[in-house]
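The structure under discussion appears below in the form of structure tokens.
So that the names make sense, note that chain A is the first sequence line, chain B the second, and so on, each numbered from 1.
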Amino acid sequence: MNTSLIYELLYKDKRTKARRGRITTPHGVIETPVFMPVGTQATVKAMKPEDVEKTGAQIILANTYHLFLRPGSDIVREAGGLHRFMNWNKPILTDSGGFQVFSLGHMNKITEEGVRFSSHIDGSRHMLSPEKSMEVQNDLGSDIMMAFDECAPPNATRKYIESSQEMTTRWLKRCVAAHKNPDRQALFGIMQGGFFRDLREKSASAITALDLPGYAIGGISVGEPKEEYVGVLEYAPDLLPENKPRYVMGIGTPDYIFEAVEHGVDMFDCVEPTRIARHGVAMTSHGRVNIKNAKYQRDFGPLDPECDCYACRNYSRAYLRHLFKAGETMSHMLLTEHNLRFLSKLSEDIRRSIEEDRFLELKEEFYSKYYG
RNA sequence: CGGCAGGUGGCACAGCGGCGACUGCAGGCGGCUGUAACCCGCUCACACAGAAACACGUAGGUUCGAGUCCUACCCUGCCGA
């Protein structure tokens, strides 16, 4: 039945819930835990696909809402699907547009049927529903499709979160019914419920009953304090089946990644590395480096001496700073490539540490270098 | 030599009787979490406003009060000899 995706649990850490796994999709294998770069508009900003691949990326994201508005999923379908359209032949995961219900909330009207959007591009009115989201994602041909959910704001009332979570569950059933290509595209359900444990439990039990190929934890890392984020991780992954991949949506800082993995999460994505790169910030083995800072003006050493990426092997901080201050696109390219490599490398280190039962040691070493 | 137009923070501009003076860029610092993001925020003399400070070419003058009006001078640009 779930021929679209196979998850193998390879090894479980002895002291934490961290796990080493492998996902097989129609476009290839994904070793987990895995960080997935975001390529919203069918491109990882400032990067060519081959360079994304060189950083070690195994799978990237694209976005239903954005590609629905432009160029339109029919065009992508006619182009032969998203992989071919954007020349990325490894796995692709498409978000459903659910996050835009949250991030573009002020331009939306949510009803049981779906969400009426005002396009952020030209203001035109559109409807995104579970059925429409599935149709678009079927057109795109992604390996992993996300259910159309409502990602509620972190400060919403319990009452709101509860009804929102229930609607997300009803929407999930409609997604399952509308999905036209379950043999080639795996549909993941999304757990909601805010920061209320009983609502998370309700959500989990409802969505896992549908026996989907994978599950995500949504609605966290949306601006809440870190303690609340970790609070949900303490129990939420355990509410999901052990034999299916678990995905926390929207995390990309090392500490959030370590926390998620430690609690049994396999997949995560974030715009963080690509966005901060374009804003002049690099994640390095010794912490964040804001390349804009005047102190790097005459720093002719590499961005991160311990990194093996193209930028670190060939250019100095002084040069990267110059490029950024001069507004050169090259600085976006180099910093993005570096940050993606950094998180891929971090994922590799995490996977190896789990295999060797040294996950906690790695975490401690990393924290003292990065945050110390 | 004459005519005209100007001289305001590093640069470019606004203000044309109440200014301890707008905005942009540049500079400094910070933030970005399923991407409306090459974006956003703060800062850019000191004092944390009450007899002072000061980015309004200089010096006088008019006025309760002048970057703002008048006079002279010094610069700059354009035009004409």
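- A gap of 33 Å separates the C1' atoms of B/G80 and B/G15, to the nearest Å.
- The residue A/Met36 sits apart from the nucleic acid: no heavy atom pair falls under 4.0 Å.
- Shown here, B/C44 is classed anti by the O4'-C1'-N9-C4 or O4'-C1'-N1-C2 angle, which is more than 90° from 0.
- Straight-line distance from the CD1 atom of A/Ile92 to the P atom of B/G34: 19 Å, rounded to whole Å.
- Regarding contacts with the backbone of B/U35, a side-chain N or O of A/Gln100 is found under 4.0 angstrom from either OP1 or OP2.
- Straight-line distance between the C1' atoms of B/A52 and B/U43: roughly 25 Å, to the nearest whole Å.
- Taking a pair to require two hydrogen-bonding distances under 3.5 Å in either a Watson-Crick or a G-U wobble arrangement, B/A49 remains unpaired.
- Of the side-chain N and O atoms in A/Asn290, one or more sit less than 4.0 angstrom from OP1 or OP2 of B/G30.
- The A/Asn293 side chain lies nearest to B/G30 when the options are B/G34, B/G30, B/G28.
- Remark: of the listed residues A/Arg313, A/Lys54, A/Lys345, A/Arg341, A/Arg341 is the sole one forming a salt bridge (charged side-chain N to carboxylate O under 4.0 Å, His left out) with A/Asp308.
- No engagement by A/Val222 is indicated, since no non-hydrogen atom pair under 4.0 Å with the nucleic acid exists.
- B/A5 is paired with B/U76 under the criterion used here, namely a Watson-Crick or G-U wobble arrangement in which both key atom distances are under 3.5 Å.
- For B/G27, the OP1/OP2 oxygens have a side-chain nitrogen or oxygen of A/Lys325 closer than 4.0 Å.
- Base pairing annotation: B/C69 forms a Watson-Crick or G-U wobble pair with B/G61, both donor-acceptor distances under 3.5 Å.
- With hydrogens and angles ignored, the 3.5 Å screen pairs a side-chain donor or acceptor of A/Tyr215 with a backbone N or O of A/Leu212.
- Note on A/Gly219: a base of the nucleic acid sits closer than 4.0 angstrom, heavy atoms only.
- In this structure, A/Asp269 atom CG and B/U33 atom C1' are separated by 9 Å, rounded to whole Å.
- Residue A/Ile121 is out of contact with every strand shown, counting any heavy-atom pair closer than 4.0 Å.
- You'll find that the side chain of A/Glu272 is closest to B/C32, out of B/C32, B/A36, B/A37.
- Here the P atom of nucleotide B/A36 and the NE2 atom of A/His126 are 15 Å apart, to the nearest Å.
- For the pair A/Ser221 and B/U33, the criterion of a side-chain N or O lying under 4.0 Å from OP1 or OP2 is not met.
- At the heavy-atom level, A/Arg288 lies under 4.0 Å from base atoms of the strands shown.
- A/Leu61 comes within 4.0 angstrom of the backbone, heavy atoms only, and of no base.
- For the pair A/Arg275 and B/C39, the criterion of a side-chain N or O lying under 4.0 Å from OP1 or OP2 is not met.
- One atom, NZ of A/Lys45, and another, P of B/C32, lie 19 Å apart when rounded to the nearest Å.
- When each of A/Lys90, A/His83, A/Arg184 is paired with A/His27, the side-chain hydrogen bond (donor to acceptor under 3.5 Å, both in side chains) condition holds for A/His83 and for no other.
- Distance A/Ile251 CD1 to B/C32 C1': 16 Å, rounded to the nearest Å.
- Contact record, A/Gly193 with A/Ile161: C-CG2, 3.3 Å, taken as the closest heavy-atom pair.
- Nearer to the 5' terminus of RNA chain B, by closest-nucleotide assignment, is the contact made by A/Lys292 (compared with the other of A/Gly327 and A/Lys292).
- Spacing between B/A26 and B/C79 at atom P, rounded to whole Å, works out to 33 Å.
- Across B/C13 and B/C1, the matching P atoms stand 28 Å from one another, rounded to whole Å.
- Remark: the separation of the P atoms in B/C16 and B/G67 is 14 Å, to the nearest Å.
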Candidate pair A/Glu150 and A/Tyr160, rule side-chain hydrogen bond (donor to acceptor under 3.5 Å, both in side chains), full reasoning: CA-CA 11 Å; A/Glu150 183 192 5; A/Tyr160 185 92; 2.5 Å; yes
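- For the C1' atoms, the distance linking B/C32 with B/G41 amounts to 11 Å, nearest Å.
- Look at A/Arg321 and you'll find a side-chain N or O under 4.0 angstrom from OP1 or OP2 of B/G28.
- The aromatic rings of A/Phe258 and A/Tyr367 lie perpendicular to each other, with more than 60° between the two planes, well past the 30° mark.
- Residue A/Phe102 is the one, among A/Phe102 and A/Phe324, whose nearest nucleotide of RNA chain B lies closer to the 5' end (criterion: closest heavy atom).
- Taking the C1' atom of each, B/G9 and B/C4 are spaced 29 Å apart, rounded to whole Å.
- A straight line from CG of A/Leu320 to P of B/C38 spans 19 Å, rounded to a whole angstrom.
- The partner of B/C16 cannot be assigned: no Watson-Crick or G-U wobble pair with both contacts below 3.5 Å exists in any strand.
- Whole-Å rounding puts the A/Met47 CE to B/C38 C1' distance at 16 Å.
- Here the shortest heavy-atom pairing between A/Lys202 and A/Glu162 reads NZ-OE2, 3.3 Å.
- Nucleic acid contact class of A/Ser119 (heavy atoms, under 4.0 Å, all strands): none.
- For A/Ser103 and B/G34, the shortest distance from a side-chain N or O to OP1 or OP2 is not below 4.0 Å.
- Between A/His120 and A/Tyr65, the ring centre distance stays below 6.0 Å.
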Checking A/Ser4 against A/Gln185 for the side-chain hydrogen bond (donor to acceptor under 3.5 Å, both in side chains) test, could you report, in this order, the C-alpha distance in whole Å, the side-chain angles of both residues, the deciding distance, and whether it holds? CA-CA 5 Å; A/Ser4 56; A/Gln185 296 179 270; over 6 Å; no
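- Between the side chain of A/Asp149 and the base of B/G34, a donor-acceptor pair under 3.5 Å is found.
- For the pair A/Phe35 CZ and B/U33 P, the computed distance is 13 Å after rounding to whole Å.
- Only the P atoms considered, B/A45 is 23 Å distant from B/C40, to the nearest whole Å.
- For A/His120, taking side-chain heavy atoms from C-beta onward, the closest of the listed nucleotides B/A36, B/U33, B/C38 is B/A36.
- Ranking B/G28, B/A36, B/G34 by closeness to the A/Met249 side chain, first place goes to B/G34.
- Contact annotation: A/Asn63 reaches the phosphate of B/U35 (side-chain N/O to OP1 or OP2, under 4.0 Å).
- In a base pair of the Watson-Crick type (N1 to N3 plus N6-O4 or O6-N4) or a G-U wobble (N1-O2 and O6-N3), with each distance short of 3.5 Å, B/G10 is matched with B/C25.
- Judged by centroid separation below 5.5 Å and plane tilt below 30°, A/His332 does not stack onto the base of B/C38.
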